[in-house]
Amino acid sequence: MTSFFEEETTLFADLILPVPIPSLFTYRVPREMSELIKVGARVIVQFGKKRVITAVIANIHTNPPVKYQAKYILELLDEQPIVTARQLELFKWVAEYYLCNIGEVLNVALPAGLKITSQSRIQLNPEFDYEELLTEQEKLILEEIKKHQTLSYEEVERLIAKSNITSVIKSLVGKRAIILFEEVKERYKPKVVRKVRLGASFLDNDALVKLTSSLDKVPKQQEIVLKYLSHVPVYNNPELNQKGLDKSFFSQDDKISNASLNSLIKKGIFEQFEIFVSRFEDIPLKDGAVITLTESQKEASAQIHELFAEKEVVLLHGITGSGKTEVYIELIKQALQSGTQVLFLLPEIALTTQIVIRLRKVFGDVMGIYHSKFSDNERVEVWKGILDGKFQFVVGVRSAIFLPFNNLGLIIVDEEHETSYKQHEPAPRYNARDVAVIMSYMHKGKVLLGSATPSLESYYHAKNGRYGLVEMTQRFGNAALPTFELIDIKKEKKQRKMKNEFSSVLLENLEHNLKNKEQTILFQNRRGYSPYLQCEECHWISECANCDVSLTYHMRVGELRCHYCGHKEEVPRTCPNCGSTKVKTMGYGTEKIEDEINLMFPQARVQRMDLDTTRAKNAYQQIIQEFEDGGIDILVGTQMVSKGLDFDNVSMVGIFDADRIIHFPEFRASERAFQMLTQVSGRAGRRAEKPGKVLIQTANPAQKLLERIITNDYIGMYEAEIAEREKFNYPPFTRLIKVTVKHPDEPVSNKAAKILAEKLTAELGTSRVLGPQPPLVERVRNQFLFDILIKLEREKINFKAVKSFIQEKVIDVLTDKTLKSIQVIIDVDCL
DNA sequence: AGCACGCCGACT
DNA sequence: GTCGGCGTGCTC
């Protein structure tokens, strides 16, 4: 089949570039690359005039583009694809479904270490000596460059404390004072360990004896050799020498200097070599513990197994403390045994905890961990580890769904109701739980969704037979469910029994718990000291300059902070409006609760756990460890304390401000409140002999939802809610698409949103289009927001067509001259 | 997204 | 008169 022409054919490759542009870009494959190039491999290309970026090959063909001249691919980075064909298919699906560009998907999918960025770097032109021609500023920059050899734009900006230096740099280039060059940096650095072993000529016993005696005059070196021999007995088994010893093994010993080791290497007595190692070695491995399932766990896993025969997706609804983890472990084992890969998804915060350590103990090093708190290098290791078969099983967060599996038999989505599976910013605004279902179709695998409080959507699908349903209603080890007490704070206030936020009942119980050395968790879903400050004289309220929200007072750092844009201010001593000194804190967050406990129970050891105390890499884990070890009596926290923590000695959970959670102005409020409060309550009393206690402070103890929470009546909540959803056409009966219009001018934003809403309503009808209306926070980062909510019934509607229709209308509005500067965000399946 | 080009205000 | 602001348009 060989002919001249085949040899002459030039190949072209369509590339996915990590930029938000809808199209692929076609580049020419240099002849010498054409044998090696593969779909899914990365290449380096020039994009635009000077940018040099990495791209992934989406397909290879022989059709030269007609409308433009294709540029050449500069470099091929991978001999083997790092993105599989299935992944490309998935990326495409995600881009289409969530209305974004495939480049944006690639951007969240690839760990940063597999992306390459080019950076322009600046260096001195060695032939330049006309400094008198330069302006002061240019001289300044030149000085810095002389000092540092080479600098990036950002570094120059930082050093001379000025932004937007491009034109100055240009001028310097024009005057031939400096030279620009592109530096492409490969981000991923495998971890290497330097090792030494004996040179091959010393491996028989005679040679060894001669060697040691010949070193009599250099005792230090002799000592090293002897030390080596005592750890690697090569005279018995020369094979052992192959693995050698870590160089660091010797440097740990104070008596051994690096110099003497190096001279041994120089002499050829030792040879130095390097090996690549994994970065996960410090997490404990298998401990050989045998996990035995209880009857109900066995039953659940058998049921799931059966249901998988007919359903793609099974929902495991197991109450808090029912021991779902063991069921997961059983299923993971089965899947791994059948030779398929397994992915276990967890919400971000749950991942740092006990469960990972537990899984790791069972599965050892076939398990990879994919987490945002891990460094990039570690993520690249997991990615590559899956590609070359090292990891059969990955535990990870949301973005782990994009890892390069080729034979994924089982995906477990734990805490499937968690909203953190949905990405909000930036695009793709995907929901990993839903993408998991699509993935399982692609791999012909199965999905297990697990939760104590399933999302209404998932439970609805399970009830309707689309998903299988397995229920676990018993707590593990027959631990009793906690007892509940609703505390009427209105009544307590009338009787003047409240002490700030604390009811007398809560205080009594706290005291009792402290006395008995039992631990308490206090839940207030609001961080900071107080959500706002107010002047008693003129009623001024602390507000963010860029957003329409109040500034939260953070006492520890002595700042007012905006939780939307991160804006910070000093705390005013007097009212900025009237000068009065009567500026008071209003409302309360975790900081204030912590503070008041410290005042009322000075002997208690209190720790706060919220975003502010857990920002550092290991802070979260440290707090949990300390709590587990009994070093903390009272843990005060936001929803962080509600996720997947198992503590034996927690006998009480106190909940503040349940009403605020229940009456949040949002259609999912009841569902969310049920989930959140049930999850926190579940932290109490996980022991059989000692049921825990949950105290809920509320202004309205008679609320139906509270009754359902305290009787653990998920079904009751589900039925009440689902009726509401059906009546008002909300999910799961419809799919929601939220279109948000943003602009710094309120009227522009408003007008654009109105026009867009009209266009949409004209086709879809008033019952399907809601708004535009300003969201709860109307202005964020100085942009005025308007939301349009589109409700689309699940049946008899061409979802895809409607989505492209929406996109079309958005483009219509964007072509209007007066409105084109607006930003539009389309969020498919918004939460 | 980045980056260049181009067209108008406030300064040497 | 220039510097430098950011609106606009393009990237194979």
Side-chain angles (χ1 to χ4, degrees), chain A residues 10-30 33 37 42-76 95 100-110 112 115-122 133-141 152-154 156-157 160-175 180-184 425-429 742-745 748 752 782-783 811 814-825:
Chain A
T10 324
L11 293 179
F12 294 88
D14 297 337
L15 307 183
I16 305 171
L17 301 184
V19 288
I21 304 169
S23 55
L24 297 178
F25 289 81
T26 306
Y27 281 79
R28 189 185 275 262
V29 180
M33 224 181 264
I37 202 155
R42 294 170 306 157
V43 291
I44 296 181
V45 292
Q46 187 169 67
F47 184 59
K49 287 217 163 105
K50 56 184 286 198
R51 272 169 90 193
V52 176
I53 52 179
T54 23
V56 169
I57 302 168
N59 47 68
I60 298 168
H61 55 82
T62 54
N63 317 320
V66 281
K67 292 192 178 152
Y68 51 86
Q69 188 67 39
K71 284 184 183 165
Y72 274 105
I73 289 172
L74 300 178
E75 217 176 305
L76 177 64
C100 68
N101 306 301
I102 194 159
E104 292 173 304
V105 183
L106 188 71
N107 236 348
V108 299
L110 285 190
K115 299 173 205 166
I116 284 184
T117 53
S118 85
Q119 233 191 344
S120 292
R121 295 198 63 90
I122 304 156
L133 293 177
L134 303 181
T135 66
E136 279 310 306
Q137 193 173 56
E138 288 171 351
K139 280 182 191 164
L140 204 65
I141 293 174
S152 69
Y153 275 64
E154 295 84 69
V156 173
E157 285 178 356
I160 67 162
K162 194 177 174 299
S163 61
N164 226 328
I165 53 162
T166 38
S167 56
V168 195
I169 296 296
K170 231 190 212 166
S171 145
L172 279 167
V173 174
K175 290 173 180 171
L180 294 181
F181 64 101
E182 296 300 314
E183 184 187 66
V184 175
E425 272 296 319
R429 300 181 169 75
K742 274 190 190 181
H743 196 272
D745 286 333
V748 175
N782 276 324
Q783 302 250 29
I811 291 165
L814 283 170
T815 44
D816 181 319
K817 244 186 254 154
T818 60
L819 303 175
K820 58 166 46 168
S821 55
I822 57 160
Q823 259 188 75
V824 182
I825 293 164

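Please read these numbers as outputs of a predicted model, since none were measured by experiment. So you know, we letter chains A, B, ... as the sequences are listed, proteins then strands, and number each from 1.
Of all nucleotides listed (C/dT8, B/dA4, C/dT11), C/dT11 comes nearest to the side chain of A/F47.
Note on ring orientation: taking the six-membered ring where Trp is involved, the planes of A/F12 and A/H61 are parallel (angle under 30°, cut-offs 30° and 60°).
We find that CG of A/L814 is positioned 14 Å from C1' of C/dT8, with the value rounded to whole Å. The distance from atom OH of A/Y68 to atom P of C/dC10 is 15 Å, rounded to the nearest whole Å. Taking atom CD1 of residue A/I53 and atom P of nucleotide C/dT11, one finds them 14 Å apart after rounding to whole Å. One atom, CD of A/Q46, and another, P of C/dC12, lie 8 Å apart when rounded to the nearest Å. Rounded to whole Å, atom P of C/dC12 lies 18 Å from atom CG of A/N59. Whole-Å rounding puts the A/I73 CD1 to C/dC12 C1' distance at 11 Å. Atom C1' of nucleotide C/dC12 and atom NZ of A/K49 are separated by 15 Å, given to the nearest angstrom. Spacing between atom CG of A/L74 and atom P of C/dC12 amounts to 11 Å, rounded to whole angstrom units.
If you take CG on A/L819 and CG on A/D745, they are separated by 11.0 Å, rounding to the nearest 0.5 Å. Annotation: the span from A/I102 atom CD1 to A/L24 atom CG amounts to 6.5 Å, rounded to 0.5 Å. Expressed to the nearest 0.5 Å, how far CE of A/M33 lies from CZ of A/R28 amounts to 13.0 Å.
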Practice task
Assess whether side-chain contact (heavy atoms from CB on, under 4.5 Å) is satisfied between A/T10 and A/V29, documenting all intermediate values.
Solution key: CA-CA 7 Å; A/T10 324; A/V29 180; 5.9 Å; no
Exercise for the section: Go through A/V748 and A/T818 one step at a time and tell me if the side-chain contact (heavy atoms from CB on, under 4.5 Å) criterion holds. Expected result: CA-CA 8 Å; A/V748 175; A/T818 60; over 6 Å; no
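As judged by a 4.0 angstrom heavy-atom cut-off over every strand, A/E104 is placed among residues making no nucleic acid contact.
Partners of A/P744 under the side-chain contact (heavy atoms from CB on, under 4.5 Å) rule, at least two apart in sequence or in another chain, are A/Q783.
If you check residues 16-27 of chain A against DNA chain C, the residues with a heavy atom closer than 4.0 Å are A/I21, A/F25, A/T26, A/Y27, listed by number.
Side-chain N/O atoms of A/K71 include one lying less than 4.0 angstrom from OP1 or OP2 on C/dC12.
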